[in-house]
Amino acid sequence: MLELGLTGGIGSGKSTVSQRLVDKGAKLVDADQIVRDLQAPGAPVFLAMVERWGDKIIGDDGNLNRAAVAEIVFSDTDELDALNGIVHPSVVTEIARVMKELSDTDHVVINDIPLLVNKEGKSERPEYDRFKGIIVVDVPTEVAVARLVEFRGFDKEDAEARIASQASRDQRKAIADFVVDNAGSLDALDPQIDACWEWIQTLR
Ligand code: ADP
């Protein structure tokens, strides 16, 4: 496999760009999606969480009530540690399983990692050095805020605060091997995705 990292701030368009690369033939490893799958009703992490915190973390629709979980762990670091202790090993194991399946193929594998770069401008985990290249999706802060408000139901202050808590655009661009500029329309992404896919092929 040919493994790449993809990162960008919240609302920059990571999911949008990853999906376009999947349309080109890439495989996507999306840790957030893996967590959601492991937390689906009846799945192992869901069951372990219910065993610890009881039915109060199950919503009326049978799904995990994320707000209830957030409330429990928000102000209690022991509970937060317990949550991480339940979720993290399963996610690591699942990602390792998916990776093992892909490792002997010649697929392009995109890892969507929102926090690949931290506020110190460093890659948070040294094992990310395994990536053959890093794609950064870049967008002006005002554009990201506007999209989070319009399409994802954020309020403006919350969107701005989330972005401010993450690495800066310059910090991300400093580690980029390929930058996708997502300031324009969705159509404006097409030629960039084509160029990105061509660049990926040169890494083989
Ligand atoms: P991320 O995964 O980085 O948080 P998303 O891919 O979810 O960002 O993009 C944020 C929102 O903006 C989504 O609703 C997405 O559909 C929308 N979006 C992404 N790129 C564009 C674009 N170029 N033009 C208009 N809307 C966009």
Side-chain angles (χ1 to χ4, degrees), residues 3-40 63-64 66-67 69-70 87-88 91 94-95 98-99 107-125 128 131 133-200:
E3 230 187 322
L4 294 116
L6 180 146
T7 194
I10 181 167
S12 60
K14 292 181 297 297
S15 313
T16 307
V17 168
S18 321
Q19 192 50 53
R20 300 265 181 128
L21 293 170
V22 168
D23 294 343
K24 289 274 189 194
K27 299 285 177 189
L28 176 64
V29 179
D30 177 344
D32 287 346
Q33 184 59 47
I34 288 173
V35 172
R36 283 194 291 274
D37 290 347
L38 289 168
Q39 290 179 334
N63 288 308
L64 191 67
R66 287 170 203 285
V69 177
V87 175
H88 194 69
V91 173
E94 178 59 12
I95 290 179
V98 172
M99 283 303 176
H107 283 301
V108 171
V109 177
I110 307 283
N111 294 261
D112 180 343
I113 306 179
L115 305 180
L116 184 61
V117 192
N118 64 20
K119 274 252 169 227
E120 281 71 53
K122 298 246 165 53
S123 174
E124 290 208 325
R125 307 253 303 266
Y128 296 152
F131 296 146
I134 292 177
I135 301 165
V136 169
V137 186
D138 180 55
V139 83
T141 303
E142 320 80 73
V143 176
V145 170
R147 286 179 186 159
L148 288 169
V149 170
E150 185 174 353
F151 303 120
R152 304 239 313 250
F154 277 72
D155 66 48
K156 189 165 177 278
E157 289 68 34
D158 189 27
E160 284 170 344
R162 293 281 288 270
I163 291 172
S165 75
Q166 298 184 337
S168 69
R169 294 172 67 193
D170 284 345
Q171 284 173 323
R172 280 191 209 92
K173 282 198 273 188
I175 60 135
D177 298 303
F178 193 100
V179 177
V180 175
D181 171 6
N182 191 24
S185 66
L186 288 170
D187 284 348
L189 277 178
D190 291 341
Q192 298 190 74
I193 300 294
D194 290 345
C196 184
W197 190 248
E198 270 175 37
W199 166 73
I200 290 171

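Ligands are counted one by one from 1 in listed order, and the atoms in each one are counted from 1 as well.
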Exercise for review: Please verify whether a non-hydrogen atom of Gly8 lies at under 4.0 Å from ligand 1.
Suggested key: no

Point to revise | Close approach, Gly184 and ligand 1, non-hydrogen under 4.0 angstrom | key: yes

Review point. Heavy atom under 4.0 Å from ligand 1: found in Pro114's side chain, backbone, both, or neither?
Key: neither

What I'd like to find out is whether the side chain of [X] reaches to under 4.5 Å of the side chain of [Y], using heavy atoms alone.
X	Y	answer
Asp30	Ser18	no
Lys14	Ile110	no
Ile95	Val98	no
Glu160	Thr141	no
Asn182	Arg147	yes

Check your understanding: Does any N or O atom in Ile10 lie less than 3.5 angstrom from one in ligand 1, N or O only?
Key -> no

Would you mind checking which non-hydrogen protein atom is closest to [atom], with the distance to 0.1 Å?
atom	value
atom 6 (O) of ligand 1	Thr16 OG1, 2.6 Å
atom 7 (O) of ligand 1	Arg152 NH1, 2.8 Å
atom 2 (O) of ligand 1	Ser15 OG, 2.6 Å
atom 21 (C) of ligand 1	Leu186 CD2, 3.4 Å
atom 14 (O) of ligand 1	Phe151 CB, 3.1 Å
atom 20 (N) of ligand 1	Asn182 ND2, 3.0 Å

Review point. Would you call Arg169 and Asp138 a salt bridge, using N to O less than 4.0 angstrom?
Key: yes

Check your understanding: Only one of Asp112, Ile113, Asn118 forms a side-chain contact (heavy atoms from CB on, under 4.5 Å) with Leu116, so which one is it?
Key -> Ile113

Practice item. Run the numbers for me: atoms of ligand 1, each under 4.0 Å from some heavy atom of Gly9, listed by number. Key: 3 (O)

Point to revise | Those atoms of ligand 1 less than 4.0 Å from some heavy atom in Ser185 | key: 23 (N)

Check your understanding: Considering only heavy atoms, which of Gly13, Gly153, Ala188 lies nearest to atom 8 (O) of ligand 1?
Key -> Gly13

Revision key, fill the gap. Atom 18 (N) of ligand 1: of Arg20, Lys14, Arg147, the nearest heavy atom sits on Arg147

Check your understanding: Does Asn111 reach the main-chain N or O of Gly5 with its side chain, forming a donor-acceptor pair under 3.5 Å?
Key -> no

Point to revise | Lys156, NZ atom: more than 12 neighbouring heavy atoms under 6.0 Å | key: no

